[in-house]
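The following block contains the structure, expressed as structure tokens.
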Protein chains: 2
Amino acid sequence: MASITIKDIAKMCGVGVTTVSRAINNHPDISEETKTMIMKVIKENHYVPNNSARNLKRSVSKTIAVLIKGITNPFFNPMIQVFERETQRRKYSFILQRVDEKQDEIEVAIELEKEKRLKGIVFLGGYFSHSKEKLDQLTVPFVLSTIGMAEEFDLNDYSSVSVDDVKESYKIVDYLCNEGHRKIAIITAPMDDVSIGKLRYEGYRKALKHHGIEFNERLVRCMREDIDSYSMENGYEVTKELLQSGEEFTAIYAVSDSLAIGACKAIFESGRRVPEDYSVVGFDGLDISFYYNPSITTIKQPTEEIAQETIKILFDLIDKKITHAHKTFPGELVIRNSTKRLN
Amino acid sequence: MASITIKDIAKMCGVGVTTVSRAINNHPDISEETKTMIMKVIKENHYVPNNSARNLKRSVSKTIAVLIKGITNPFFNPMIQVFERETQRRKYSFILQRVDEKQDEIEVAIELEKEKRLKGIVFLGGYFSHSKEKLDQLTVPFVLSTIGMAEEFDLNDYSSVSVDDVKESYKIVDYLCNEGHRKIAIITAPMDDVSIGKLRYEGYRKALKHHGIEFNERLVRCMREDIDSYSMENGYEVTKELLQSGEEFTAIYAVSDSLAIGACKAIFESGRRVPEDYSVVGFDGLDISFYYNPSITTIKQPTEEIAQETIKILFDLIDKKITHAHKTFPGELVIRNSTKRLN
DNA sequence: TTGTACGCGTTATCAT
DNA sequence: ATGATAACGCGTACAA
């Protein structure tokens, strides 16, 4: 079942392999008639060039890769669409590469860069805590998009696009406080986690402090590690525990919309209502936060703009127009029906 | 910035390339000490083998690919996890390849098969209407999982795993009828669409007929083509139109949970309630159908089992234990709070 | 146990 | 306009 190669085609056409290659790749130096003749034979024999061989030989290729940690996260959906459209518009091709939770995204990137002769890379999601040494192994430009960064990084070493998680987080907790809430529970990432969860937790602390609300450790609930992080199920389980603990509170801040939905479900099951008994807020602005009942008050991230800017920066990097860039987008506090003002 | 190759490593170590290759690939014929020495040099110089070269040279490789049409569909999430686990367990590696809505999945598969020397392929989602001739270009085993098939296919030409969409669809509409509903609207795929939408529509028609309910064309609503198919937004927009049309009905059957949620939202916005004013049912059994308020009555597909069986069949195919297989799983009618009995 | 040399399928270089 | 041939980086007979 040996696969048919370019040589076979060349023989069948009675031409050299070079000519066949020219036909395939739309090279100029070939007559129209031999080209159509060759293409015909190719079609008839279902010849498909071997990509490994092409990539091996090619020195450059107009392709970029987007590495996603947590590809099942609906948050990325609208971004993927933008990446697709924008790369196409620039006549680039686009590889979407899933990165496993346990995998090291940089290692994957390094490998992929060599394999596919990438022109640029976008990292999406996850947390970033890699040594500069490791980053330096990437020889092509890259952009970190919607990624929580460890602070000790030198801003000159990379590019990034995201919202200011601390600030936006502050914003929504501040809103809750202004609505009269003082006992606000939070569902966030475990404390040893260097992630957006941590940043959003920081915003929570700041807002409480600003409003002179005493911090209550028992209102801080961390996602369970044995369940998908940031998932509805996680929010559900954690909230059930919170409810059963008997600790008093009037509002829950879940650091993602999915968690918030899980929280609502737990509240409903306990016979209570949202927002009459408890206010619930989320973060991200997923579609479902609008469709849920009640619709969820949240911080909406401008995902399309973020993706757009990510691509723009990446191509500016590729075209050497810049050496690095950092862009922060504001989130939008979307007030909906999952929160109510306390008397 | 020329990348470092296996030759460079060989030179630096003062050995031949073969030895380096052996060290990398854990070959037996190499002394422990030279191996560790070589690995050390590799680490120090951040050498990463070029995958294109490897794939080109290798005649076989223990890897399978899963091609997903509509990777943003949360329905696939739990399946992906199973694929990952099961392939790992069998010491295979696993490539998740997104297929664009407009792309031809078979073409992608053919290319990928050559490029990566695949051992097998799983097709996930979408509709399947490819000629046998095209299918024959695939030289490795493949399984169609949760895919709506055109009926004219010879069952001997392929393998498949899924639920019986017509039957399950019948089941849920039958349930609605038994609850006293007779004016049941349906939100489904456009009629020219050869997909699960069509199959589920068939089940709807059968159930109505069985219950002696006259078919009302105006209660058949098709998804809009300018919006993501099977999305919440689509269900939302279509239901708004339905509501505004003034056509009377007591229940909506949306052929996917996402559509159902959009339908609920539209109902809420019109000032009506679910299930008091309208019953709503979905299909698939997504997590969100449980977490939504009200929780959605739906047909739950056994996604884990489907994925499990898909992999099992694929490996049986690879091991030549079988030549083809078809497995149909029953769906589960999950009755929740979005439906009520009519007096 | 180790090294040399060839070939995987393609594209680029350089003739013709 | 076309063709022969040398890489691309790696794995593997085969020889040592």
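The figures that follow rest on heavy atoms only: side chains count, while hydrogens, waters and symmetry mates do not. Naming: A, B, ... by sequence-line order, numbering from 1 per chain.
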- Message: As an exercise, state the distance from CE of B/Met37 to SG of B/Cys13, rounded to the nearest 0.5 Å.
- Response: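 Going from the CE atom of B/Met37 to the SG atom of B/Cys13 covers 5.0 Å.
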
- Query: For DNA chain D, which residues in residues 28-40 of chain A have a heavy atom at a distance below 4.0 Å?
  - Reply: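 Contacts with DNA chain D under 4.0 Å: A/Asp29, A/Ile30, A/Ser31, A/Thr34.
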
- Rounding to 10 degrees, work out the angle separating the end axes of the helix from C/dT1-D/dA16 to C/dT16-D/dA1 (five pairs an end).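 Rounded to the nearest 10 degrees, the bend comes out at 40°.
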
- From A/Lys327 atom NZ to A/Ser145 atom OG, the distance as rounded to the nearest 0.5 Å: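 If we round to the nearest 0.5 Å, A/Lys327:NZ and A/Ser145:OG are 13.0 Å apart.
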
- Give the ring-plane orientation class for B/Phe94 versus B/Phe83, where under 30° counts as parallel, over 60° as perpendicular and anything between as tilted.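 Rings of B/Phe94 and B/Phe83: tilted, 30 to 60°.
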
- Query: Once you round to the nearest 0.5 Å, how far does CG of A/Leu96 lie from CD1 of A/Ile68?
  - Reply: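 Rounded to the nearest 0.5 Å, the CG-CD1 separation comes to 4.5 Å.
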
- Would you kindly give the NZ-to-P distance between B/Lys62 and D/dG11, to the nearest whole Å?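 Going from B/Lys62 (NZ) to D/dG11 (P), I get 17 Å.
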
- Query: Hey, what do you get for CD (A/Gln81) to CD (A/Glu304), rounding to the nearest 0.5 Å?
  - Reply: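 Going from the CD atom of A/Gln81 to the CD atom of A/Glu304 covers 8.0 Å.
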
- Query: In whole Å, what is the span from the CG atom of B/Asp8 to the P atom of D/dC8?
  - Reply: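 Going from CG in B/Asp8 over to P in D/dC8 covers 11 Å.
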
- A/Ser21 side chain to A/Thr18 side chain, donor-acceptor N/O pair below 3.5 angstrom: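 The answer is no; no qualifying pair exists.
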
- Item | Heavy-atom protein contacts under 4.0 Å, nucleotides 9-16 of chain C, coded B base, S sugar-phosphate only, - none | BBBBBB--

- Do B/Lys116 and B/Asn51 have side-chain N/O donor and acceptor atoms under 3.5 Å apart?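 Distance-only check fails for B/Lys116 and B/Asn51.
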
- A/Lys69 side chain to A/Gln103 backbone, donor-acceptor under 3.5 Å: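 Answer holds: yes.
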
- Message: Rounded to whole Å, how long is the line connecting atom CD1 of A/Ile9 with atom C1' of D/dG3?
- Response: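 Those two atoms, CD1 and C1', are 17 Å apart.
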
- Message: Could you check, using the six-membered ring where one of them is a Trp, whether B/Tyr230 and B/Phe75 have ring centers closer than 6.0 angstrom?
- Response: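 No, too far apart.
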
- Under 3.5 Å, is there a donor-acceptor pair between the B/Thr63 and B/Lys119 side chains?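 Absent: no donor and acceptor within the cut-off.
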
